[in-house]
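Sequence positions, counted from 1, serve as the residue numbers for this chain. All values derive from a computational prediction rather than experimental measurement.
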Amino acid sequence: MSAPAAGSSWFQRFLLPGFAMKAVIIGGGYATGRELAEYFLPAGPWGGLAGMVLAMLLWSVIAAATFAYARMVGALDYRAFFADLLGPAWIAFEGAYILFVVLILAVFGASAGAIGAAMFGWPVFAGTLALALAILATVTLGNAAVEGVFKYVSFLLYAVYAIFLALSLWRFGHRIAAGFATPAPWSGWASGGLTYASYNIIGAVVILPVLRHLTSTRDAVVAGLVAGPLAMLPAILFFTCMIAFYPGIGAETLPSDFLLRQLDVPVFHWAFQMMIFAALLESGAGAVHAINERVAGVVRRRRGVALGAGARAAIAGALLLVCMFVADRVGLIALIASGYRLLAYLFLAVFVLPLLTIGLARLLRRPAIPQEIAA
């Protein structure tokens, strides 16, 4: 791992990794509440919160181990990380990750198209194109631009969710209290938390480029432990608002839109939709940037030069074109979606299990001596 930039701030060392992981996780389903309704609401108000806390704790532990291992072996991209952890089997993760990126970017594009159509009356492709161009511009500018998006979109996101909670308490706080007071079985809370955690923990290894600011193994562990709460806090706030209309809200395709209609504050409705677009931007940029940095790592090791802005733009542009504008036309979305849970199990097999066995064993017996991974 290259030496951390001189003067790395406490924000870059301890908070930025968590903001980046949240950026990859939040996507469209988290931001709209659909995933929360799917994985946590069936367990009831308190059971759902228990499942979210379980997922948060798992994220923290796995992120701490991931960050510490990455620092130990000098990995700033997922290719270098898995080349050390899995040896020749690293390609198994890359295959799964590329399928995952095709799916999420296609879904993000569709979501952005729907936002543009709903807010401005645009054709669906216009919103998709706007998101693609925003992601392309961000990743072309490299690490600094991507980190800036993670930072400032995070501030926007936390502020919007805080206002959302305040407005919900003002408009139907009594319903929220009644929802939490309603007896409900906790059935499935642990399985919901485990499934959601395993499905999204890929975010911990996707955001390795931001770890260049870490100065010690202690930084890595602290940043990882903090990442879980940073990633889950907005979801907990959102889930609390959803309880006002439990259990019926579980059947809503877009719980966020349902709640915004109940609030009936048009300006905030617009602001929330903009926040979702920004969340799609940071999630998409994080996913694409990970692939750019994977290529950049190989170029740097083999040729001794940095990956230029033109090459970054070409890689990102080709990826976005395939994912956002072609995938749904050729049926790839349906094909991959049918194996979505299979991909989650694959990530557990090629990432979490090796990390928590082989990786932890190496961490416990080896000092953190940065090294370059052979391409």
Side-chain angles (χ1 to χ4, degrees), residues 11-12 15-32 76-79 97-113 115-116 127-158 160 200-213 227 230-231 234 273-297 306-325 327:
F11 174 87
Q12 291 171 319
L15 298 184
L16 181 61
F19 282 178
M21 194 172 90
K22 178 270 303 167
V24 175
I25 289 172
I26 191 167
Y30 177 151
T32 62
L76 282 177
D77 62 79
Y78 68 78
R79 161 67 172 85
Y97 179 64
I98 289 174
L99 290 177
F100 178 79
V101 170
V102 170
L103 174 61
I104 64 169
L105 288 182
V107 172
F108 291 174
S111 299
I115 290 173
T128 302
L129 180 62
L131 178 64
L133 292 176
I135 293 173
L136 181 62
T138 301
V139 300
T140 297
L141 295 175
N143 277 311
V146 173
E147 289 180 8
V149 167
F150 289 160
K151 177 180 179 179
Y152 294 110
V153 170
S154 293
F155 292 154
L156 169 66
L157 186 145
Y158 290 127
V160 169
N200 287 291
I201 192 54
I202 186 177
V205 78
V206 169
I207 56 89
L208 294 183
V210 308
L211 302 188
R212 72 185 192 280
H213 300 292
L230 286 177
Q273 294 285 64
M274 286 295 94
M275 181 275 292
I276 292 179
F277 185 89
L280 296 173
L281 168 61
E282 66 171 357
S283 293
V288 175
H289 185 61
I291 292 178
N292 264 348
E293 286 301 293
R294 176 261 189 271
V295 175
L307 188 67
R312 289 177 180 274
I315 295 168
L319 187 61
L320 290 165
L321 178 65
V322 170
C323 295
M324 290 190 174
F325 298 104

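- Taking 4.5 Å as the limit, every side-chain heavy atom of Val146 sits out of range of all side-chain heavy atoms of Pro209.
- Taking the side chain to side chain contact (heavy atoms under 4.5 Å, CB included) definition, one finds that Ala112 meets it with Leu131, Phe277, Leu280, sequence neighbours left out.
- Partners of Ala110 by side chain to side chain contact (heavy atoms under 4.5 Å, CB included), not counting sequence neighbours: none found.
- With sequence neighbours left out, the side chain to side chain donor-acceptor pair (under 3.5 Å) criterion links Thr128 to no other residue.
- The two residues Leu76 and Leu211 make their nearest non-hydrogen contact at CD2-C, 4.1 Å.
- For Tyr158, the ring pair (Phe, Tyr, Trp, His ring centres under 6.0 Å) criterion is met by Phe19, not counting sequence neighbours.
- The side-chain hydrogen bond (donor to acceptor under 3.5 Å, both in side chains) contacts involving residues 138-149 comprise Asn143-His289, Glu147-Arg212, Glu147-His213, where partners must be two or more places apart or lie in separate chains.
- Listed by chain and residue number, Tyr78, Phe93 satisfy the ring pair (Phe, Tyr, Trp, His ring centres under 6.0 Å) test with Tyr97 (two or more places apart in sequence, or in another chain).
- In this structure, Tyr30 and Ala231 approach most closely via the heavy-atom pair OH-O, 2.6 Å.
- Applying the salt bridge (Lys or Arg N to Asp or Glu O under 4.0 Å) test to pairs two or more places apart or on separate chains, those with a residue in residues 276-292 are Lys22-Glu282.
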Counting only pairs under 3.5 Å, give me each side-chain donor-acceptor contact of residues 101-108, with atom names and distances, residues two or more places apart or in other chains.
none

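- Counting only residues at least two apart or on different chains, no salt bridge (Lys or Arg N to Asp or Glu O under 4.0 Å) pair has a member in residues 132-142.
- For Leu156, the side chain to side chain contact (heavy atoms under 4.5 Å, CB included) test picks out Val160, Ala278, with sequence neighbours left out.
- Residue pairs satisfying the salt bridge (Lys or Arg N to Asp or Glu O under 4.0 Å) criterion with at least one member in residues 128-144, sequence neighbours excluded, are absent.
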